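Since the structure comes first, as structure tokens, the remarks are kept for the end.
Numbers here are sequence positions counted from 1. Please read these numbers as outputs of a predicted model, since none were measured by experiment.
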Amino acid sequence: DAHLAGAVEAGRFVDVGRYREQRGVDDQHVVADEHPGHHVGGEVVLGDAEPGDIDEVLLRVRIGVETVDHVLAETGEPPLLLILDGVTDPHNLGACLRSADAFGAQAVIVPKDRAVGVTATVMKTASGAADTVPVIAVTNLARTMRELKEREVWLIGADAGGESIVTADLKGPVAWVLGAEGAGLRRLTRESCDRIVGIPLAGSVESLNVSVAAGICLFATRAARMRT
């Protein structure tokens, strides 16, 4: 379908309800699939939702993504990006999107492989933020990070053992890099960062959920910019 193909290339959402009305597609053509964001033979593939739930669960399907270059070109302020390396829990990705929207991040960057994509669960957890914050899935995360450095975006890894987020300089173009649930940043990803910044903890837990950490990092950056 030319409408779907064009939307894929442009990185847009498709309003499934409107598409169904305009194109005569019924619920039988909105199918569940483990690989969200695909269109197969003119069918709209809706993440992990049930076919009959289209009206009750959600009315939008992510079928394409914007590019990093496009996001950087369109932003009217220093970039604030969130890079998630290997996050597999859809609830965590959804919560990260919600924080990204709340604190003004222009995009969330994820690897195409070994990471969760934008599913119905992600969109539901994001509470509308999946409509406003692009999720950019890249084939080679290390290469994307190098390209961001070339665009003078500072890569800050959120991990233990670095400088404290309380005193860190967070002004200027920033991309926060967070690792997977439990495992944290992979070695190569950590080494690709310009700096490592940690969140000081006062209690007995040794780490934070990735979505909680993402929210703190993005808020700290926004707060630092408001003070300047």
Side-chain angles (χ1 to χ4, degrees), residues 66-89 92-93 95-111 114-116 129 133-138 140-202 205-228:
E66 298 187 52
T67 65
V68 174
D69 285 341
H70 179 262
V71 168
L72 294 179
E74 291 294 316
T75 182
E77 61 179 350
L80 175 56
L81 307 173
L82 180 62
I83 299 175
L84 301 176
D85 183 18
V87 171
T88 57
D89 187 326
N92 278 338
L93 177 57
C96 285
L97 281 169
R98 194 168 180 176
S99 291
D101 176 86
F103 301 122
Q106 291 92 11
V108 174
I109 301 172
V110 300
R114 295 183 292 278
V116 66
V133 181
V135 177
I136 303 175
V138 298
N140 189 318
L141 188 60
R143 181 172 62 206
T144 298
M145 292 173 69
R146 287 195 301 270
E147 291 171 351
L148 286 171
K149 284 186 177 184
E150 293 171 359
R151 301 287 293 271
E152 298 184 342
V153 176
W154 284 91
L155 303 181
I156 304 181
D159 206 359
E163 58 185 303
S164 171
I165 195 172
V166 177
T167 56
D169 183 0
L170 303 177
K171 298 182 292 293
V174 167
W176 280 99
V177 187
L178 282 77
E181 305 91 346
L185 289 175
R186 292 183 297 173
R187 181 180 61 83
L188 292 178
T189 303
R190 182 186 173 100
E191 292 175 355
S192 297
C193 294
D194 294 303
R195 298 153 58 197
I196 299 297
V197 172
I199 301 171
L201 304 177
V205 299
E206 297 181 355
S207 63
L208 296 172
N209 175 279
V210 63
S211 63
V212 174
I216 293 172
C217 294
L218 294 174
F219 168 75
T221 307
R222 181 59 60 185
R225 292 180 177 184
M226 293 175 66
R227 289 193 294 267
T228 60

NZ-CH2 distance between K171 and W154, expressed to the nearest 0.5 angstrom: 12.5 Å
Value rounded to 0.5 Å, distance of CG in L170 from SG in C217: 8.5 Å
Approximate separation, where rounding is to 0.5 Å, of R146 CZ and N140 CG: 6.0 Å
With V110, the side-chain contact (heavy atoms from CB on, under 4.5 Å) member among V116, I83, L82, L84: L84
Greater than 12 external heavy atoms within 6.0 Å of R151's CZ: yes
From CG (L155) to CG (D194), nearest 0.5 Å: 5.0 Å
Partner of I165 by side-chain contact (heavy atoms from CB on, under 4.5 Å), out of T221, I216, I156: I216
Contact check, side chains of R143 and V138, non-hydrogen atoms, under 4.5 Å: no
Spatial distance of atom CG (L141) from atom OG1 (T189) [nearest 0.5 Å]: 5.5 Å
Trace of the side chain to side chain contact (heavy atoms under 4.5 Å, CB included) decision for V68 with E147: CA-CA 9 Å; V68 174; E147 291 171 351; over 6 Å; no
Side-chain ion pair, D169 and R195, N-O less than 4.0 Å: no
Donor-acceptor pair, side chain of S192 and main chain of L188, under 3.5 angstrom: yes
Over 12 foreign heavy atoms within 6.0 Å of CD, E77: yes
Contact summary for L178 and A214, nearest pair of heavy atoms: CD2-N, 3.5 Å
Exercise: identify the closest heavy-atom pair between V153 and P79: CG2-CG, 4.4 Å
Over all atoms of both residues, closest heavy-atom pair of G179 and L185: N-CD2, 3.5 Å
Side chain R225, main chain G172, donor-acceptor under 3.5 Å: yes
NZ/NE/NH1/NH2 to OD/OE distance under 4.0 Å, R187 and E191: yes
Nearest heavy-atom neighbours spanning L218 and A105: CD2-CB, 4.3 Å
Check: D159 main-chain N/O paired with R190 side-chain donor or acceptor under 3.5 Å: no
Min side-chain heavy-atom separation Q106-L81 under 4.5 Å: yes
No-hydrogen, no-angle side-chain donor-acceptor test under 3.5 Å, N209 and S211: yes
For F103 against G215, the heavy-atom pair lying closest together: CE1-O, 3.5 Å
Over all atoms of both residues, closest heavy-atom pair of V166 and P200: CG2-CG, 4.0 Å
Atom pair CG/CG of L97 and D101 - distance to nearest 0.5 Å: 9.0 Å
